Student: 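Dumping the structure here so I can ask a few things about it.
For the numbers below, each heavy atom of this structure counts, side chains included, while hydrogens, waters and symmetry mates do not. None of the values given here were measured: they were computed from a predicted structure.
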Amino acid sequence: MNIPYQIVLASNSPRRRELLGGLGLPFTVRVMDGIDESYPCDLPTHTIAEYISKKKAAAYRQTMADGELVITADTIVVLGSEVMGKPRDENDARRMLHQLSGRTHQVITGVTLTTKARQSCFSVTTDVTFKQLSDEEIDYYVRKYSPMDKAGAYGIQEWIGYIGVTALNGSYYNVMGLPVQRIYEALRML
């Protein structure tokens, strides 16, 4: 695939780097600190991730060079009407995993592709179901894997995903943090 832009991944996530790298396209990583990721409290949950990815894109747009395409993304976990971001500490991670245990939740990733001339935004939703997790399984996972940097306090590609996920409806890679199939399609349309 011939992309007429220099692709910049605006993310510090090793998972996102790995996933975008899987497309076989050259890209660089650029990370800006201090981007405000807040959102209005009355925003519908299904629009939050895309809203935040657009905010991130706006911060990068100011420093973009001609010929660059910046990819920003944000992933949230939604259980019912509760939005689960990254846990504050181990106790918060345990609380989140107890809430997800034995239930189905949604993982929503918002993605924004930005050039100097235009912008394309979309979000992808995946339903994930966990078995009933024991206290021991949750404690082991939180201690061993320290999921403080993950929305919903888990990484599907880690131990908890191996033993806990009983069903998945949608993109596995979206749950990891980057819906690469949709990104590939969006890049092909440039």
Side-chain angles (χ1 to χ4, degrees), residues 9 11-25 37 39 43-53 56 71-87 90 92-113 120-189:
L9 176 63
S11 176
N12 211 16
S13 165
R15 290 167 300 284
R16 287 191 178 132
R17 280 186 234 147
E18 174 189 350
L19 291 169
L20 187 59
L23 292 179
L25 299 171
E37 296 186 21
Y39 54 89
L43 200 63
T45 55
H46 68 278
T47 65
I48 292 171
E50 192 172 320
Y51 177 88
I52 295 171
S53 79
K56 292 177 180 179
I71 300 173
T72 54
D74 192 74
T75 301
I76 62 170
V77 169
V78 179
L79 179 64
S81 61
E82 181 182 353
V83 176
M84 296 181 168
K86 296 173 184 172
E90 287 189 359
D92 195 33
R94 286 184 185 89
R95 177 193 65 80
M96 288 181 184
L97 290 170
H98 277 288
Q99 285 183 285
L100 296 173
S101 177
R103 299 174 74 185
T104 299
H105 62 276
Q106 288 71 48
V107 177
I108 305 170
T109 301
V111 177
T112 303
L113 307 178
S120 172
C121 305
F122 59 86
S123 62
V124 174
T125 301
T126 304
D127 293 332
V128 181
T129 304
F130 271 109
K131 73 170 190 148
Q132 192 68 44
L133 299 166
S134 70
D135 290 343
E136 294 78 19
E137 289 166 336
I138 291 171
D139 287 339
Y140 172 79
Y141 177 68
V142 171
R143 273 194 333 273
K144 174 102 172 144
Y145 291 89
S146 189
M148 301 307 120
D149 65 336
K150 296 172 180 69
Y154 79 92
I156 194 168
Q157 72 280 7
E158 295 175 339
W159 183 82
I160 200 82
Y162 298 159
I163 65 101
V165 174
T166 61
L168 183 90
N169 184 11
S171 168
Y172 173 81
Y173 299 112
N174 181 54
V175 182
M176 283 182 67
L178 200 64
V180 287
Q181 187 277 330
R182 279 290 303 275
I183 289 173
Y184 174 78
E185 293 301 326
L187 290 172
R188 287 185 58 216
M189 303 310 270

Student: Just by distance, do the side chain of N174 and the backbone of V124 share a donor-acceptor pair under 3.5 Å?
Tutor: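 Confirmed, N174 side chain pairs with V124 backbone.
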Student: Within the 3.5 Å criterion, strictly below it, is a donor on T75 or R16 matched to an acceptor on the partner's side chain?
Tutor: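 The answer is yes; a qualifying pair exists.
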Student: Look at E137 together with K131 and state whether they make a salt bridge at an N to O cut-off of under 4.0 Å.
Tutor: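 Judged by the 4.0 Å cut-off on N to carboxylate O distance, E137 and K131 do form a salt bridge.
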Student: Any salt bridge linking R188 with E185? Criterion: basic side-chain nitrogen under 4.0 Å from a carboxylate oxygen.
Tutor: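 Salt bridge: yes.
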Student: How close do I76 and A151 get, counting heavy atoms only, and between which atoms?
Tutor: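 Closest heavy-atom pair between I76 and A151: CA-CB, 4.2 Å.
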Student: Nearest 0.5 Å, please: how far is CG in L133 from CG in D139?
Tutor: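 With rounding to 0.5 Å, CG (D139) is 11.0 Å from CG (L133).
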Student: Taking N12's backbone N and O only, do any of them form a donor-acceptor pair with R17's side chain (distance below 3.5 Å, no angle check)?
Tutor: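 Confirmed, R17 side chain pairs with N12 backbone.
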Student: Start with the C-alpha distance between Y39 and T47, add both sets of side-chain angles, then the distance that settles side chain to side chain contact (heavy atoms under 4.5 Å, CB included), and finish with yes or no.
Tutor: CA-CA 10 Å; Y39 54 89; T47 65; over 6 Å; no
Student: Apply the test side chain to side chain contact (heavy atoms under 4.5 Å, CB included) to residues I160 and Y145: give CA-CA distance (whole Å), side-chain angles for both, the deciding distance (0.1 Å), then the verdict.
Tutor: CA-CA 9 Å; I160 200 82; Y145 291 89; over 6 Å; no
Student: What's the separation between atom OG1 in T126 and atom NE2 in H105, rounded to the nearest 0.5 Å?
Tutor: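 Reported to 0.5 Å precision, the distance equals 9.5 Å.
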Student: Can you find a heavy atom in the side chain of M84 that is under 4.5 Å from one in the side chain of L79?
Tutor: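 Heavy-atom side-chain distance check passes, below 4.5 Å.
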Student: Nearest heavy-atom pair of Y141 and P147: which atoms, and what distance?
Tutor: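 Answer, listing the atom of Y141 first, then P147: CE2-CG, 3.6 Å.
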Student: Would you call R95 and E82 a salt bridge, using N to O less than 4.0 angstrom?
Tutor: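 Salt bridge between R95 and E82, a charged N being under 4.0 Å from a carboxylate O: yes.
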Student: Side chain to side chain contact (heavy atoms under 4.5 Å, CB included) between I48 and I108: does it pass, once the steps are laid out?
Tutor: CA-CA 9 Å; I48 292 171; I108 305 170; over 6 Å; no
Student: To the nearest 0.5 Å, tell me how far M96 CE sits from K150 NZ.
Tutor: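 Output value for this atom pair is 13.0 Å.
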Student: Which heavy atom in K86 sits nearest to a heavy atom in D92, and how many Å separate them?
Tutor: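 Here K86 and D92 meet closest at O-OD2, 4.4 Å.
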Student: Once rounded to the nearest 0.5 Å, what's the spacing between atom CZ of R182 and atom OG1 of T109?
Tutor: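 Here the rounded value is 11.5 Å.
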Student: I want to check something: taking the side chain as every heavy atom from C-beta on, are L43 and E50 in contact at a cut-off of under 4.5 Å?
Tutor: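 A side-chain contact is absent here, since even the closest heavy-atom pair is not under 4.5 Å.
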Student: Roughly how far, to the nearest 0.5 Å, is the CD atom of E18 from the OH atom of Y173?
Tutor: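 These two atoms lie 9.0 Å from each other.
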Student: How many angstroms lie between NE2 in H98 and CG in L100, if you round to the nearest 0.5 Å?
Tutor: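 Going from NE2 on H98 over to CG on L100, the span is 11.0 Å.
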Student: Can you confirm whether more than 12 heavy atoms, excluding those of K144, are under 6.0 Å from its NZ atom?
Tutor: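 No.
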Student: Should V165 and V175 be marked as a side chain to side chain contact (heavy atoms under 4.5 Å, CB included) after you check the CA-CA gap, both sets of side-chain angles, and the distance that decides it?
Tutor: CA-CA 11 Å; V165 174; V175 182; over 6 Å; no
Student: State, yes or no, whether a side-chain contact exists between T129 and D127 at a heavy-atom distance under 4.5 Å.
Tutor: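 No, too far: nothing below the 4.5 Å cut-off.
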Student: What are the two closest non-hydrogen atoms of A93 and P87, and how far apart are they?
Tutor: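 Heavy-atom minimum between the residues: N-CB, 3.6 Å.
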Student: Would you find a donor on one side and an acceptor on the other, under 3.5 Å apart, between the side chain of S53 and the backbone of T72?
Tutor: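 No; zero donor-acceptor contacts below 3.5 Å.
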Student: Side-chain contact test, heavy atoms from C-beta onward, threshold under 4.5 Å: evaluate it for F122 versus I183 and give yes or no.
Tutor: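 Yes, at least one pair of side-chain atoms sits under 4.5 Å.
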Student: If every non-hydrogen atom of L23 is compared with every non-hydrogen atom of Y184, which pair is closest and at what distance?
Tutor: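 In this case the closest contact between L23 and Y184 is CD2-CB, 4.1 Å.
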Student: Could you tell me if the side chain of L168 sits less than 4.5 Å from the side chain of I156, heavy atoms only?
Tutor: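 The answer is yes; the side chains approach within 4.5 Å.
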